[in-house]
Asks: 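Here it is, the structure in full.
Proteins come first, then strands; the chains are lettered A, B, ... in the order of their sequence lines, and each starts at number 1. Values in this document were obtained by computation on a predicted structure and should not be read as measured data. Keep in mind that the numbers below use all heavy atoms, side chains included, and drop hydrogens, waters and symmetry copies.
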Amino acid sequence: MACWLFKSEPDTFGIEDLAAQPRQTDHWDGVRNYQARNFMRDDMTVGDLGFFYHSNTKEPGIVGIVEIVRAAYPDHTAFDPEDPHFDPKSDPDEPRWFMVDVKLVRRLARTIPLAELKARPEISDMPLVRKGNRLSVMPVTDEQWAFVLSLE
DNA sequence: GCCAACGTTGGC
DNA sequence: GCCAACGTTGGC
């Protein structure tokens, strides 16, 4: 089983929004970065766990845990001209972008702030804490996963 | 709101 | 294939 981290802006789609969905499950659409797409399309499997991370907010940090409940399938929002993530170059017959379904497992007891993660040498290799990182979906090693949870 | 860092695009 | 220009991300 692999572990992951999903970034989202809480003003757009936060953990409370996921919690409000039926069965606390939703598709993770809108990823428009090839590296992040490849992780989802090629490497994520049902049963994998992920951190839910709030970005671009007052206190960015890890707020919860999700589970992958459906493996990658075409991201239909790329075909919708009305959608903010519309991509005219994604052809329904040969989709360019993919998404997975995630289910909320639980909120963390507290937000683990980015600043705190950055201060921990044990996880200095996490892409999340590296300068200039812009991946919205990234892998997390088992060791990093366990360490982050130990901070909760 | 600012701006550094990054990925993508397109001219050549 | 190079690289400047541009748009976006995301911390602060």
Asks: Which residues pass the side chain to side chain contact (heavy atoms under 4.5 Å, CB included) test with K58(A), sequence neighbours left out?
Replies: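 Once residues adjacent in sequence are excluded, K58(A) has no partner under the side chain to side chain contact (heavy atoms under 4.5 Å, CB included) criterion.
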Asks: Apply ring-ring contact (aromatic ring centres under 6.0 Å, His included) to F98(A) and list each qualifying residue two or more places apart in sequence or on a separate chain.
Replies: none
Asks: Could you work out, with salt bridge (charged side-chain N to carboxylate O under 4.0 Å, His left out) as the rule, every residue matching E143(A), not counting sequence neighbours?
Replies: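 Scan of E143(A) (salt bridge (charged side-chain N to carboxylate O under 4.0 Å, His left out), adjacent residues dropped) gives none.
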Asks: What pairs meet the ring pair (Phe, Tyr, Trp, His ring centres under 6.0 Å) rule with one or both residues in residues 27-47 of chain A, with sequence neighbours excluded?
Replies: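 Sorted result for residues 27-47 of chain A: W4(A)-F39(A), F6(A)-W28(A), H27(A)-H76(A), W28(A)-F52(A), Y34(A)-W97(A).
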Asks: Residues two or more places apart in sequence or in another chain: which of them pass side-chain hydrogen bond (donor to acceptor under 3.5 Å, both in side chains) with R106(A)?
Replies: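 E152(A).
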Asks: Quick one: list whatever passes side-chain hydrogen bond (donor to acceptor under 3.5 Å, both in side chains) with R37(A), sequence neighbours left out.
Replies: none
Asks: Does N56(A) or N33(A) map to a spot on DNA chain B nearer the 5' end, using the closest nucleotide for each?
Replies: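 The answer here is N56(A).
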Asks: I'd like to know if the side chain of D48(A) pairs up with that of T45(A) as donor and acceptor (distance under 3.5 Å, no hydrogens or angles considered).
Replies: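 Yes, because at least one side-chain N or O of D48(A) sits under 3.5 Å from a partner of the opposite role on T45(A).
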Asks: So, using salt bridge (charged side-chain N to carboxylate O under 4.0 Å, His left out) as the criterion, who are the partners of E9(A) when residues are at least two apart?
Replies: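 E9(A): no salt bridge (charged side-chain N to carboxylate O under 4.0 Å, His left out) contacts found.
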Asks: Of all nucleotides in DNA chain C with an atom under 4.0 Å from a non-hydrogen atom of chain A, which is the first and which the last going 5' to 3'?
Replies: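 Here the contact window of chain A covers dG7(C) to dC12(C).
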Asks: Please list, in numerical order, the residues of residues 115-124 of chain A that have a heavy atom closer than 4.0 Å to any atom of DNA chain C.
Replies: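 DNA chain C contact set from residues 115-124 of chain A: K118(A).
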Asks: Quick one: on DNA chain B, does K131(A) or Y34(A) contact a more 5' nucleotide (nearest heavy atom)?
Replies: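 The residue mapped nearer the 5' terminus is K131(A).
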